[in-house]
Amino acid sequence: MSDSDGIEEAFEGALRTSLAVAGRLGEQLARMREEALRRAEARSLQEARELQGRFDAERAAARAELAPVHEASWWDRAGTENIARAYETATTWSKHDDDARRANERIREEVRARYGVDVDRTGADPAAVREALARVDADRNLADAERSRADEERAEAARLLEHADRVDAAADRDQDATATPVDAREGAEVEWDSAERRDAHAATLDGKANAEAINAWRQADSDNAKHPREAVRRAGGKSPKARKSRPGGDREMQRGRGR
């Protein structure tokens, strides 16, 4: 037996096993989709519509995937994995889609004509088929576990984000309830301009000025009271002009002092 004969036999054996596994998987997937749709319809019409919409999108993707099997050039390049994948997809959708059914028929014809294999009776080694199916099941379980972990991580992230939003909202409420610096300054100004302040200052003048002078100061302070901050503001502006003395004013002041 030549080397090419050995390669062809290995290819044919792998193809038989792959087609047997692909046919089994396609049938399983078709049953799973039908059962999922029945359960969704039993729960609610809305859920059934959403699931049907997802299946329609998957069926459209399957049509695109199967389109090349009608071209001879695709078969010239296709390996066992390509053929098995196409057959699995065609088997999954052939009962619900005309394009998938035609692709299934074309695959059967090409496999029989090119490799002498009947997909309904592949003659594959049962042990090899069981081993391949076991690997597929293990891969599925791993993928399901990965999806479950990803779903849990997304749910936990959503909970953390919601908690952070609540904390921020509480901080905003606390800040609104606290007096602002502007409010505090305004309050200080009200406290500064008060009768108590004037009484305290008048007490310091007792003994240094007569009652008439103290009362005059009280009235002037009440009428023209300014917070010390106003004096600070005026520091950067123009200084008030010095009042011109009236003619003879200095002499009158000097005579007053001499009295």
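Computed over heavy atoms, backbone and side chain alike; hydrogens, waters and symmetry mates excluded. As the structure is a prediction and not an experimental result, all values here were calculated from the model.
Across every non-hydrogen atom of L51 and A36, the tightest pair is CD2-O, 3.4 Å. When all heavy atoms are compared, the tightest approach of I107 to A90 is CD1-CB, 4.2 Å. Here the shortest heavy-atom pairing between L37 and A48 reads CD1-O, 4.0 Å. Counting all heavy atoms, side chain and backbone alike, A22 lies closest to A84 at CB-O, 3.2 Å. Considering all non-hydrogen atoms of both residues, V69 and A103 come closest at CG2-CB, 3.9 Å.
Sorted pairs that involve residues 55-101 and meet ring pair (Phe, Tyr, Trp, His ring centres under 6.0 Å), not counting sequence neighbours, are lacking altogether. Each salt bridge (Lys or Arg N to Asp or Glu O under 4.0 Å) pair with one or both residues in residues 70-79, not counting sequence neighbours, appears once here: D76-R114.
For R112, the side-chain hydrogen bond (donor to acceptor under 3.5 Å, both in side chains) criterion is met by no residue, not counting sequence neighbours. The side-chain contact (heavy atoms from CB on, under 4.5 Å) check on E35 picks up R38, R39, with sequence neighbours excluded. Listed by chain and residue number, nothing satisfies the side-chain hydrogen bond (donor to acceptor under 3.5 Å, both in side chains) test with D165 (two or more places apart in sequence, or in another chain). Applying the side-chain contact (heavy atoms from CB on, under 4.5 Å) criterion to E65, with sequence neighbours excluded, gives R85, T89. Shown here are the salt bridge (Lys or Arg N to Asp or Glu O under 4.0 Å) partners of E81, two or more places apart in sequence or in another chain: there are none. In terms of the ring pair (Phe, Tyr, Trp, His ring centres under 6.0 Å) criterion, residue partners of Y115 (sequence neighbours excluded) are, by chain and number, F11. Residues passing the side-chain hydrogen bond (donor to acceptor under 3.5 Å, both in side chains) test with R31: none are found, sequence neighbours excluded. The salt bridge (Lys or Arg N to Asp or Glu O under 4.0 Å) search around D168 returns none, not counting sequence neighbours. In this structure R121 satisfies the side-chain contact (heavy atoms from CB on, under 4.5 Å) test together with D118, sequence neighbours excluded. Residues satisfying the side-chain hydrogen bond (donor to acceptor under 3.5 Å, both in side chains) test with E50, not counting sequence neighbours, are Q46.
Between atom NZ of residue K95 and atom CG of residue N104 there is a gap of 11.0 Å, rounded to the nearest 0.5 Å. Interatomic distance, D97 CG to T92 OG1, rounded to the nearest 0.5 Å: 11.5 Å. Distance check: L29 CG to L25 CG gives 6.5 Å after rounding to the nearest 0.5 Å.
For R24, the CZ atom counts as loosely surrounded, since its 6.0 Å shell holds 12 or fewer non-hydrogen atoms of other residues, nucleotides or ligands.
L66 and V111 are assigned to two separate hydrophobic clusters, defined by single-linkage of ILVMFWY side chains at heavy-atom distances under 4.5 Å.
Taking a cutoff of 4.0 Å between a charged side-chain nitrogen and a carboxylate oxygen, R33 and E58 qualify as a salt bridge.
When each of R108, R101, R102 is paired with E105, the salt bridge (charged side-chain N to carboxylate O under 4.0 Å, His left out) condition holds for R101 and for no other.
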